[in-house]
Amino acid sequence: MRSHPRLLLDAGPYSLGADTITGIGVRIAELAQTLAAEFPVLVMVDDVTDCVPVDPAQLVSTVDWRRMLAGSDVVFFFDMPETARLEAAVRGGNLIVTENAPPVEHLEYPSLLGAPDPAAVHRDLVAAFARQLQVSHHFLCRSQVERVALIASLCVAGRLGPDDVARSRVLEHLVSTIPIGFSAASAAAAVAADARPLADVLWTGGLWSYFDPLLLVEAIAKCHARGVMLTAAFLYAQATRDSRESVRRVAARVDQLGLRDAIRLCDRPPRHQERDSIVKGARALVCVARPGIENETCVRLRIRDSRLYGVPTIVDSSGPTATELLNDGLGRVLSSNSADELADALVGAAAGHAAGRARDSYCYDRTVANLTAWLEGARNGT
């Protein structure tokens, strides 16, 4: 391998567009920014126009994916990898790094449940994940719980043996845990941004089937009944195959309760560069889900917002997201998913302080060290 391995981060189906980027896209862009400080990095996306900054990495189009793979030493794949490109990387002898988790949350996607044979669709997702386990040389995890799930999966897949534990009892040659965080460039941009409130309270993620967004609507109504006239906004309320019904229910309940002036459903999400000002201007973030196995097997990507902006998140108690937020000192955890308890939390947040400081320990510059060491070792054939 060359003295400076060339890295290619394949974003797969995830957009890096300023108007369309989601949590995984942000994760890819910020990891690329960070790794590009030490390695030549390309980020491959379907559409390179109007993307969020990835400097000093460079954006390239999937139109040239064969040439991009051939010119790279290490290829990163994430959730929902493109099978043809993954298999081409295997045939081409590229080193492969994977960040993915067992496809558990997909079991509740309306797009999957509405298929003629939902079980067959899920089997395909499981097979794609299993293939990544088989062919990848190194794995990235976003949280401790995802690390545990990954190691169990590697064991079942036959990718973990006595030699691995003899080499490293913590498997540093096989797995890097990089908690959900942010790049140094994003931290600098957040500090420089002026707070421009859109609403007192923000629901910063999607309205997926396993979430409980109606609880926020009911809680805002209860706040108004107490004379506390809080406002709220759902930043990502555009209707997709997997959120359309949830968005419809939320909009209908807002109308029923006469809260159109208090609750905004953003069917056009804010541009990525606007989020700094919008989130800094909020008193609290909300991300409440119903109890379920999805919550038990991952930490939500939305945790980045509290860690970057210092704005607390109100969250349910049913999974490790709550544990991590409490450890950070950035969360208020509901003991039950009740509108009254959420209203209490919102009133408390409204009386609290504005955005705090970023938790620098989550800056990717600090947390990619094991991955960087592995890449350096791979460069030298060790």
Side-chain angles (χ1 to χ4, degrees), residues 7-45 47-48 50-60 74-79 97-101 138-143 146 176-193 204-205 235-236 269-280 285 298-311 313 324 328 330 357-372 375:
L7 314 185
L8 176 66
L9 277 63
D10 186 345
Y14 295 100
S15 171
L16 267 65
D19 291 323
T20 54
I21 194 167
T22 60
I24 292 176
V26 172
R27 170 86 165 176
I28 294 169
E30 294 184 319
L31 286 175
Q33 284 182 313
T34 304
L35 292 170
E38 298 193 41
F39 304 96
V41 176
L42 301 177
V43 185
M44 189 163 63
V45 294
D47 186 355
V48 298
D50 195 26
C51 287
V52 301
V54 297
D55 301 337
Q58 296 181 345
L59 289 165
V60 294
V74 185
V75 186
F76 289 64
F77 292 98
F78 298 87
D79 299 23
V97 178
T98 278
E99 179 172 284
N100 199 355
H138 197 77
F139 297 88
L140 309 183
C141 293
R142 295 176 280 238
S143 64
E146 289 169 74
S176 291
T177 302
I178 305 175
I180 298 164
F182 46 85
S183 66
S186 291
V191 169
T204 55
L235 291 188
Y236 299 92
R271 287 178 63 82
H272 182 68
Q273 291 87 339
E274 297 171 354
R275 290 186 90 255
D276 292 330
S277 296
I278 291 171
V279 179
K280 285 181 72 172
L285 313 176
C298 70
V299 171
R300 296 171 203 150
L301 287 159
R302 292 278 60 81
I303 205 169
R304 169 189 180 271
D305 293 327
S306 284
R307 290 172 173 172
L308 174 56
Y309 303 105
V311 179
T313 294
E324 290 208 7
D328 294 340
L330 289 169
R357 61 177 182 82
R359 299 306 197 264
D360 290 339
S361 60
Y362 291 107
C363 185
Y364 290 143
D365 288 46
R366 300 186 179 203
T367 57
V368 298
N370 188 70
L371 172 61
T372 299
L375 290 168

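The structure displayed is predicted, hence computed values, not measured ones. All heavy atoms count here, side chains included; hydrogens, waters and symmetry mates do not.
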Trainee: To the closest 0.5 Å, what do you measure between CD1 (Ile178) and OG1 (Thr367)?
Mentor: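 Rounded to the nearest 0.5 Å, the CD1-OG1 separation comes out at 5.5 Å.
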
Trainee: Quick one: does His138's side chain get under 4.5 Å of Asn370's, heavy atoms only?
Mentor: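 Answer yes - side chains close enough.
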
Trainee: List for me each residue that meets side-chain hydrogen bond (donor to acceptor under 3.5 Å, both in side chains) alongside Ser306, sequence neighbours excluded, and say none if there are none.
Mentor: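 By the side-chain hydrogen bond (donor to acceptor under 3.5 Å, both in side chains) rule, Ser306 matches Thr313.
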
Trainee: Taking atom NE2 of His272 and atom CG of Asp50, what is their separation to the nearest 0.5 Å?
Mentor: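 Answer for the NE2-CG pair, His272 versus Asp50, is 12.0 Å.
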
Trainee: Does the pair Leu375 and Leu7 meet the rule for a side chain to side chain contact (heavy atoms under 4.5 Å, CB included), with working shown?
Mentor: CA-CA 9 Å; Leu375 290 168; Leu7 314 185; 3.9 Å; yes

Trainee: Taking side-chain hydrogen bond (donor to acceptor under 3.5 Å, both in side chains) as the definition, give me every residue that meets it alongside Arg366, ordered by chain and number, with sequence neighbours left out.
Mentor: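 Arg366 satisfies side-chain hydrogen bond (donor to acceptor under 3.5 Å, both in side chains) with no other residue.
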
Trainee: Under 3.5 Å, is there a donor-acceptor pair between the side chain of Lys280 and the main chain of Tyr309?
Mentor: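 Judged by distance alone, no pair lies under 3.5 Å.
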
Trainee: Of the non-hydrogen atoms in Phe182 and Ala358, which two are nearest, and what is the gap between them?
Mentor: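 Heavy atoms of Phe182 and Ala358 come nearest at CZ-CB, 3.9 Å.
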
Trainee: Could you tell me whether the side chain of Leu285 reaches within less than 4.5 Å of the side chain of Val279, counting heavy atoms only?
Mentor: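 Yes. Closest side-chain heavy atoms under 4.5 Å.
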
Trainee: Do Thr204 and Arg275 come within less than 4.5 Å of each other through their side chains, counting heavy atoms only?
Mentor: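 Heavy-atom side-chain distance check passes, below 4.5 Å.
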
Trainee: For Arg300, which residues count as a salt bridge (charged side-chain N to carboxylate O under 4.0 Å, His left out) partner, sequence neighbours excluded?
Mentor: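 In terms of salt bridge (charged side-chain N to carboxylate O under 4.0 Å, His left out), with neighbours along the sequence ignored, Arg300 is linked to Asp316.
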
Trainee: Indicate the atoms forming the closest heavy-atom contact of Leu16 with Ala29, along with that distance.
Mentor: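 Smallest heavy-atom distance, with atoms named: CD2-CB, 4.0 Å.
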
Trainee: Scan for salt bridge (charged side-chain N to carboxylate O under 4.0 Å, His left out) pairs involving residues 28-38, sequence neighbours excluded, and state none if there are none.
Mentor: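 For residues 28-38, and leaving out neighbouring residues, the salt bridge (charged side-chain N to carboxylate O under 4.0 Å, His left out) pairs sorted by first residue read Glu30-Arg304.
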
Trainee: Side chains of Leu301 and Val26: closer than 4.5 Å at any heavy-atom pair?
Mentor: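 Leu301 does not reach Val26 side chain to side chain.
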
Trainee: Might you point out which heavy atoms bring Ala11 and Ile28 nearest each other, and give the distance in Å?
Mentor: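 The pair with the smallest heavy-atom distance is CA-CD1, 3.8 Å.
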
Trainee: Taking 4.0 angstrom as the limit, do Asp79 and Arg142 come out as a salt bridge?
Mentor: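 A salt bridge links Asp79 with Arg142.
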
Trainee: How many angstroms lie between CZ in Phe39 and OG1 in Thr34, if you round to the nearest 0.5 Å?
Mentor: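 Going from CZ on Phe39 over to OG1 on Thr34, the span is 12.0 Å.
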
Trainee: How close do Leu235 and Pro270 get, counting heavy atoms only, and between which atoms?
Mentor: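 Between these two residues, the closest heavy atoms are O-CD, 3.5 Å.
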
Trainee: Please determine if Glu324 and Arg307 form a salt bridge, counting it only when a charged side-chain N lies under 4.0 Å from a carboxylate O.
Mentor: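 The answer is yes: the pair qualifies as a salt bridge.
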
Trainee: For side chain to side chain contact (heavy atoms under 4.5 Å, CB included), just list the numbers for Tyr364 and Arg27, CA-CA rounded to whole Å, side-chain angles, deciding distance to a tenth of an Å, and then say yes or no.
Mentor: CA-CA 10 Å; Tyr364 290 143; Arg27 170 86 165 176; 2.9 Å; yes

Trainee: Suppose we screen for side-chain hydrogen bond (donor to acceptor under 3.5 Å, both in side chains). Which residues come up paired with Asp10, at least two apart in sequence or across chains?
Mentor: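 In terms of side-chain hydrogen bond (donor to acceptor under 3.5 Å, both in side chains), with neighbours along the sequence ignored, Asp10 is linked to Arg85.
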
Trainee: Check this for me: Gln58, atom CD, are more than 12 non-hydrogen atoms of other residues, nucleotides or ligands nearer than 6.0 Å?
Mentor: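 Open: at most 12 neighbouring heavy atoms sit under 6.0 Å from CD of Gln58.
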
Trainee: Knowing that exactly one of Leu31, Leu59, Val48, Val60 qualifies, which makes a side-chain contact (heavy atoms from CB on, under 4.5 Å) with Val43?
Mentor: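 When side-chain contact (heavy atoms from CB on, under 4.5 Å) is applied between Val43 and each of Leu31, Leu59, Val48, Val60, only Leu59 qualifies.
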
Trainee: Determine the minimum heavy-atom distance between Val299 and Glu146, stating which atoms define it.
Mentor: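 Heavy atoms only, the tightest pair is N-OE2, 3.4 Å.
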
Trainee: At their closest point, which heavy atom of Ala36 faces which heavy atom of Ala57, and how far apart are they?
Mentor: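 It is CB-N, 3.5 Å.
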
Trainee: Does Asp365 have any salt bridge (charged side-chain N to carboxylate O under 4.0 Å, His left out) partners at least two apart in sequence or in another chain, and if so, which?
Mentor: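 Result, salt bridge (charged side-chain N to carboxylate O under 4.0 Å, His left out) vs Asp365: none returned.
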
Trainee: Between the side chain of Tyr362 and the main-chain N/O of Leu308, is any donor-acceptor distance below 3.5 Å?
Mentor: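 Such a contact is absent between Tyr362 side chain and Leu308 backbone.
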
Trainee: Any donor and acceptor pair, going by atom type alone, linking the side chain of Thr98 with main-chain N or O of Asn100 inside 3.5 Å?
Mentor: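 Checking the backbone N and O of Asn100 against the side chain of Thr98, no donor-acceptor pair under 3.5 Å is found.
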
Trainee: Can you tell me how far CZ of Arg302 sits from OG1 of Thr22, rounded to the nearest 0.5 angstrom?
Mentor: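 CZ of Arg302 is found 8.0 Å from OG1 of Thr22.
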
